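All values derive from a computational prediction rather than experimental measurement. Residue numbers run from 1 in the order of the sequence given.
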Amino acid sequence: MTTLKDVAKLANVGVSTASYALNGNKLIKESTRKKVLQAANELGYHPNGNAKNLKRSKNDMIGLFISGFTGPFFNQLLEGIQDVVVSHGYELVVCASNERHRMLTERLVDGAIILNYHIESELLKTVASEKMPLIVLDREIDHPHIYKALLPNDKGIKQALKHLEDKGHKDIGFIAGSTDSYDGETRLSAFKHYIKEHNFTTEQSAILRADFTEASGYETMKTFLKNNHHYPTAFIAANDEMAMGAIRAIKEEGLSVPTDIAVVGFDDIIIAQYLQPSITTVRVHKKQWGEQVAEAMLNILKGANADLILQPTMELIEREST
């Protein structure tokens with residue numbers, strides 16, 4: 001059985017340093033921490049956790065690790081996961097932090113659902129095991145005990161572009177989010193692929209970069225319109241919040257939505273239907289996604305095969321912004 005001492009030896013560090021590195025101590029240098037994580041992964045080392053939990057075969061807890069509670073996307077997802085987990089007699093523990101988590105490194109939960117891009121894939125590979133499976137919602141990892149439950153972002157983007165194409169738009173821009181978002185980047189990639197395949201006239205300058213917030217969508221669009229006399233007849237935003245900000249900037253420039261510039265969002269957050277104009281968007285069935293992920297986790301814990309986790313439905317909702 002691999003021990004912490006074996007990890008320390010392979011990483012050429014002391015045992016205490018290896019322990020601190022695996023538990024996310026900020027005093028450990030980044031280079032040292034990565035070296036220890038790599039050694040632990042190579043050796044298949046899993047921290048033992050505290051003595052209390054070693055005596056138990058299970059904790060009856062599922063961990064959900066998210067990057068934060070900001071933004072309206074998470075509420076329905078959490079509701080779906082919570083409903084299923086509780087109905088099967090488990091507790092749901094929600095952790096929202098940029099730091100590495102003791103709940104993971106000490107295996108204090110029976111399984112973990114990950115929607116937190118701050119948690120490194122190498123750490124997830126280190127802690128995942130048959131006794132503590134993981135489901136990732138925000139990346140792809142090749143590991144026998146890490147399962148993926150990803151959104152069909154390409155389908156949603158195709159629906160948005162087809163809708164705009166049917167409206168007569170050929171010059172379509174895109175508002176992307178931060179580069180460290182898996183969903184945001186897959187939406188951008190799907191957009192680029194589709195417009196190339198269908199010979200749209202989109203210019204590179206019309207692919208904008210924001211950070212998923214309403215404020216960033218506003219600032220990005222305002223800067224674009226001030227610096228460009230020619231603009232696309234439509235924009236797709238990688239989420240509704242950026243679409244909201246973009247619409248505000250367009251209106252402040254004296255332009256009309258959708259007469260001058262049509263706007264499509266993504267996710268269908270609740271407020272999207274109440275704005276003026278209401279936002280055409282791609283609806284992600286977030287509660288359904290949460291339910292399917294939770295069901296898959298419980299099936300995995302029972303020993304069932306969950307290699308193919310069902311994807312939630314994507315549905316274009318047409319409103320006033322197009």
Notebook entry, point to check: Taking side chain as C-beta onward, heavy atoms only, is Leu78 less than 4.5 Å from Val94?
Noted result: yes
Check: Is Ile317 reachable from Leu275 through a run of I, L, V, M, F, W or Y residues, each pair having side-chain heavy atoms under 4.5 Å apart?
Finding: no
Margin query: Are the side chains of Phe266 and Ile157 in contact, using a 4.5 Å heavy-atom criterion?
Written below: yes
Check: Would you say Lys170 has more than 12 foreign heavy atoms packed within less than 6.0 Å of its NZ?
Finding: yes
Checklist line | Residues Ser216 and Thr213: side-chain donor-acceptor under 3.5 angstrom | finding: yes
Next item on the list: Check the pair Ile62 / Leu301 against side-chain contact (heavy atoms from CB on, under 4.5 Å), numbers first and verdict last.
Entry: CA-CA 10 Å; Ile62 304 297; Leu301 292 173; 3.6 Å; yes
Notebook entry, point to check: Do NZ/NE/NH1/NH2 and the carboxylate oxygens of Glu42 and Lys35 come within less than 4.0 Å?
Noted result: no
Item checked: Distance, nearest 0.5 Å, that separates CG of Leu151 from OG1 of Thr313 -> 11.0 Å
Item checked: Spacing of OH belonging to Tyr90 relative to CE belonging to Met297, to within rounding of 0.5 Å -> 10.0 Å
Note to self: Looking at Glu122 and Lys125, is any side-chain nitrogen of the basic one under 4.0 Å from a carboxylate oxygen of the acidic one?
What the structure shows: yes
Note to self: If you define the side chain from C-beta out and look only at heavy atoms, does anything of Thr105 sit under 4.5 Å from Leu123?
What the structure shows: yes
Next item on the list: Could you tell me whether the side chain of Lys162 reaches within less than 4.5 Å of the side chain of Leu316, counting heavy atoms only?
Entry: no
Note to self: Under a 3.5 Å cutoff, is there a donor and acceptor pairing between the side chains of Asp171 and His230?
What the structure shows: yes
Notebook entry, point to check: Quick one: does Ile300's side chain get under 4.5 Å of Ile135's, heavy atoms only?
Noted result: yes
Check: Would you say Leu108 and Val93 are hydrophobically clustered, going by side-chain heavy atoms of ILVMFWY under 4.5 Å?
Finding: yes
Notebook entry, point to check: Which pairs, with at least one residue in residues 196-205 and sequence neighbours excluded, count as a salt bridge (charged side-chain N to carboxylate O under 4.0 Å, His left out)?
Noted result: none
Note to self: Are there over 12 heavy-atom neighbours, none belonging to Glu91, within less than 6.0 Å of that residue's CD?
What the structure shows: no
Checklist line | Given Glu253, Lys222, Glu214, Met221, the one that forms side-chain contact (heavy atoms from CB on, under 4.5 Å) with Arg248 | finding: Glu214
Checklist line | Shared hydrophobic cluster, Tyr231 / Leu208 (ILVMFWY, side-chain heavy atoms < 4.5 Å) | finding: yes
Checklist line | Donor + acceptor pair across side chains of Asp267, Asn239 (<3.5 Å) | finding: no
Next item on the list: Give a yes or no on whether Ile172 and Ile195 share a hydrophobic cluster (residues Ile, Leu, Val, Met, Phe, Trp, Tyr; joining criterion: side-chain heavy atoms under 4.5 Å apart).
Entry: yes
Check: Which other residues end up in the same hydrophobic cluster as Tyr182, if Ile, Leu, Val, Met, Phe, Trp and Tyr are linked when side-chain heavy atoms come under 4.5 Å apart?
Finding: Leu150
Item checked: Parallel, tilted or perpendicular, as decided by the 30° and 60° cut-offs, for the rings of Phe224 and Phe235 -> perpendicular
Item checked: Hydrophobic cluster of Val86, others only, ordered by chain and residue number, side-chain cut-off 4.5 Å -> none
Notebook entry, point to check: Should Asp211 and Glu219 count as side-chain neighbours, where that means a heavy-atom distance under 4.5 Å?
Noted result: no
Next item on the list: Flag the pair Ser19 / Leu4 as yes when at least one side-chain heavy-atom distance between them is below 4.5 Å, and no otherwise.
Entry: yes
Margin query: Can you pull out every ring pair (Phe, Tyr, Trp, His ring centres under 6.0 Å) where at least one residue sits in residues 151-178? Sequence neighbours excluded, please.
Written below: Phe174-Phe191
Margin query: Are Arg209 and Thr179 packed together at the side-chain level, in the sense that at least one heavy-atom pair is separated by less than 4.5 angstrom?
Written below: yes
Notebook entry, point to check: Strictly by modelled atom types, are Thr3 and Asp6 linked by a side-chain donor-acceptor pair under 3.5 Å?
Noted result: yes
Item checked: Pairing residues for Lys9 by the side chain to side chain contact (heavy atoms under 4.5 Å, CB included) criterion, not counting sequence neighbours -> none
Next item on the list: Can you run down the side-chain hydrogen bond (donor to acceptor under 3.5 Å, both in side chains) pairs that involve residues 289-300, sequence neighbours left out, and say none if there aren't any?
Entry: none
Next item on the list: Drop me the distance from Cys95's SG to Met103's CE, to the nearest 0.5 angstrom.
Entry: 5.5 Å
Checklist line | Closest non-hydrogen atom pair between Arg139 and Lys148, with its separation | finding: O-CB, 4.2 Å
Next item on the list: Drop me the distance from His198's NE2 to Lys158's NZ, to the nearest 0.5 angstrom.
Entry: 8.5 Å
Check: Do other residues, nucleotides or ligands put more than 12 heavy atoms under 6.0 Å from the CG atom of Asp142?
Finding: no
Item checked: Co-membership, hydrophobic cluster, residues Tyr218 and Ile269, 4.5 Å side-chain -> no
